[in-house]
2 protein chains.
Amino acid sequence: MVKMSDVAKIANVSTATVSRVLRSPETVKENTRKKVLSVIEELNYQPNILARHFRRNETNTVLVIVPNIMNTVFSEIVGGIEQAASISGYKVLLRNTNRDVRNEYEAIDHLKQRQVDGMILLSERLEKQTILNISQQYPVVLASAYIEGLKVPTVSIDNISSSREATEHLIKLGHKRIAHICGSLFSLISRDRVKGFNQAIYQNEIQMESVLIQEGDFTFDSGYNQMLKFLALDVPPTAVFAANDEMAMGAIKAAKENGLRVPEDLAVVGFDNIKFSSIFEPALTTIAQPKYEMGKKAMELLLEQMKGVVHTKSQYVLDSKLIIRESCGAKMAELV
Amino acid sequence: MVKMSDVAKIANVSTATVSRVLRSPETVKENTRKKVLSVIEELNYQPNILARHFRRNETNTVLVIVPNIMNTVFSEIVGGIEQAASISGYKVLLRNTNRDVRNEYEAIDHLKQRQVDGMILLSERLEKQTILNISQQYPVVLASAYIEGLKVPTVSIDNISSSREATEHLIKLGHKRIAHICGSLFSLISRDRVKGFNQAIYQNEIQMESVLIQEGDFTFDSGYNQMLKFLALDVPPTAVFAANDEMAMGAIKAAKENGLRVPEDLAVVGFDNIKFSSIFEPALTTIAQPKYEMGKKAMELLLEQMKGVVHTKSQYVLDSKLIIRESCGAKMAELV
DNA sequence: ATGAAAGCGCTAACAG
DNA sequence: CTGTTAGCGCTTTCAT
């Protein structure tokens, strides 16, 4: 392995000069720089980055903790993170936790051991106090996930308002009996989406029964199963708002299998605007989250933090948008 | 930052002993070990992993180069890689290339600079010679992607045979005019899938015209567009084999929009068995690739290579399987 | 079983 | 603008 001192020797300069050529070329006289560069070329020298990391005590690497990379919502966010990172010369260390909190604690050790310069957390299993502690010592950004009352930079959408908007859309279409399939209530995101749903219901004085809110777990199957429960009611709902697109699709499948037409007999709205929501039949009406941009923004905030910028603002709320397609029946309604 | 020498001082031992307690505890007398461990606990000591990496010239990190992490086929493979890696105490550095070969060359520098101990390549844009060179110097495994006649450890399925099987399935169902929407022919995977398709066609003496093979690019839209071309033929095909599920779905959409029923008027088979293929209506008949297992196996091979195991075998072919659902009409056929 | 000490390759403070 | 030099914190060889 050819090293810096080899280059220095052959170029007749000191290692300091070689180092300067590499890290701040403008401080070296052009002649010297050219000479050094040509020797670097000639010897095919590659700097030992591990030595640099060690010496500088930084790695140009960020840790991204994801509950499940196979979920398209997360993989899009990660796509945005990676893009922003690589533009700035940063690398992404990916850790998939499978929602196991032990894996998250393990991952945090990477920060403590300085293997990474910062961290983006797409999950919220860790205790509030732990996250707070960590974020006071190291650059940390939360994306998509967020934690109530925590002054840690967070990039997300306004889950409450978007859910309210989705629900109000169903109300405007004339529905009087609207159900909600929420995600695991362990997660604040789910609780917020329930909150937005409830706000719309109460503000519009729509009838409500607790049986009209059922808890799923963001999977297709859970949407299917919770919908079956609604269909078994004496008076089933005429509209359902599901906390994500997969559950909305599951709910539609259950409805169809029970002879209901969507949207004619049952209106459905989802959440996330995953790629397949427009391919699905009927195409899903849903709340579009800017997943890629969320990742990008989170990485940009992290970069600033790592540069030492202190943010007074800690919540960055990106725009979400109701995408009206077929599953809610709005287009049919317009025709009337 | 508390360091090893601090621990050593307080525990009244040398740094060598502390290091041994950390890396090969069995070589240290139990008493000493306990004492050191308690001091480590007490001081909340975290070893500086950068120093370790530097000193040992290894990082316990592998580089994963992905064309597009937002594509579920790749994110599942990455899921398998991450799982196998973290079990063995390895970390995953993720690089998304967006299919830009410059990004791949950049990524390779990470290997040369020893920032990672090995690499898994899910893409095949690099020149054969480059990959060969790299793989002779560093541990490298190809997954999913593969390159003809290259003796680099590769984990994949048999794309030729699976495509032949998919096509033969359509032939067995009685189809005499079968079209194929292939992926970008730049990729060997696409060319192999065409090859398998052709084998089935010729072996069964089915009529063939070159217009019955159209090139898409693995996207839903390209499937849609190529299907429109088929529909415009004087004698359109009665069956289509698409080189991935997304294009199969696009093709079905085009067919439906033109008044055809699937599978009654047009049978369709896809490839990959992505999650959504069973949700789609009609549920897609497709070739199931063991994506997660592919990633896992690739990582396991890489781990062995990094340990110095030399593999005589270089091609690891995993089982793929034809999953018969609704879009091909086989179930209807059985009823007759 | 433990300690002493060299040194991995680079960076940066300081001097000139 | 360039050189000298002192480490960064750990691992490992060689002694004991």
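Lettering of chains follows the sequences in order, A, B, ..., and the numbering in each one begins at 1. FYI, side chains are in, hydrogens and waters are out, and symmetry mates aren't considered; it's all heavy atoms of this structure.
In this structure, CD of A:Q113 is placed 20 Å from P of D:dC8, rounded to the nearest angstrom. Put simply, CG on A:N57 is 10 Å from C1' on D:dG9, counting in whole angstrom units. The CG-C1' distance, from B:L50 to C:dG9, rounds to 14 Å in whole Å. B:I49 places its CD1 atom 14 Å from the P atom of D:dG9, with the value rounded to the nearest Å. Between B:M4 atom CE and C:dG3 atom P the separation is 13 Å, expressed in whole Å. In this structure, A:I40 atom CD1 and C:dC10 atom P are separated by 10 Å, rounded to whole Å. Following rounding to the nearest Å, A:H53 (NE2) and D:dG9 (P) show an atom-to-atom distance of 16 Å. Atom-to-atom, CD of B:Q115 to P of C:dC10 comes out at 13 Å; the value is rounded to the nearest Å.
Not one N or O on the side chain of A:Q113 forms a donor-acceptor pair closer than 3.5 Å with the backbone of B:Q46.
Residue B:N12 is in sugar-phosphate contact alone, with no base atom involved, counting any heavy-atom pair closer than 4.0 Å across all strands shown. Within 4.0 Å of B:V18, counting heavy atoms only, lies no atom of the nucleic acid at all.
For B:R52, the side-chain atoms get nearest to D:dC10 when compared with the rest of C:dG9, D:dC10, C:dA4. Listed nucleotides: D:dT2, C:dC10, D:dC10. Nearest to the side chain of A:K29: D:dT2. Residue B:T32 places its side chain closer to C:dA1 than to any other of D:dC10, C:dC10, C:dA1.
Taking the six-membered ring for Trp and thresholds of 30 and 60 degrees, B:F54 and A:F54 have nearly parallel ring planes, at less than 30 degrees apart.
Atom CG of residue B:L302 and atom OH of residue B:Y90 lie 8.0 Å apart, to the nearest 0.5 angstrom. Of the inter-residue distances, the one linking B:L63 atom CG with B:Q115 atom CD reads 9.0 Å to the nearest 0.5 angstrom.
Side-chain nitrogen and oxygen atoms of B:Y45 include none within less than 4.0 Å of the OP1 or OP2 phosphate oxygen of D:dG9. In this structure, A:T17 does not reach the D:dT2 phosphate: none of its side-chain N or O atoms is under 4.0 Å from OP1 or OP2. Between B:K3 and D:dG9, a side-chain N or O to OP1/OP2 separation shorter than 4.0 Å is present.
Judged by ring centres under 5.5 Å apart and planes tilted less than 30 degrees, A:F54 stacks against the six-membered base ring of D:dC8.
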- Verdict with supporting geometry, B:M1 and A:N57, side chain to side chain contact (heavy atoms under 4.5 Å, CB included): CA-CA 12 Å; B:M1 207 80 272; A:N57 201 23; over 6 Å; no
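Judged purely by distance below 3.5 Å, without hydrogens or angles, the side chains of A:D217 and A:S184 never pair a donor atom with an acceptor atom.
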All N/O contacts under 3.5 Å from nucleotides 12-16 of chain C to the protein, with atom names and distances to one decimal?
| from | atom 1 | to | atom 2 | distance (Å) |
| --- | --- | --- | --- | --- |
| C:dA12 | OP1 | A:R56 | NH1 | 2.9 |

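Between B:R33 and A:N48, the residue whose closest nucleotide on DNA chain C is further toward the 5' end is B:R33.
Within 6.0 Å of NZ on B:K34 lie no more than 12 heavy atoms contributed by other residues, nucleotides or ligands.
The side-chain heavy atoms of A:Q289 and A:M294, taken from C-beta on, include a pair separated by under 4.5 Å.
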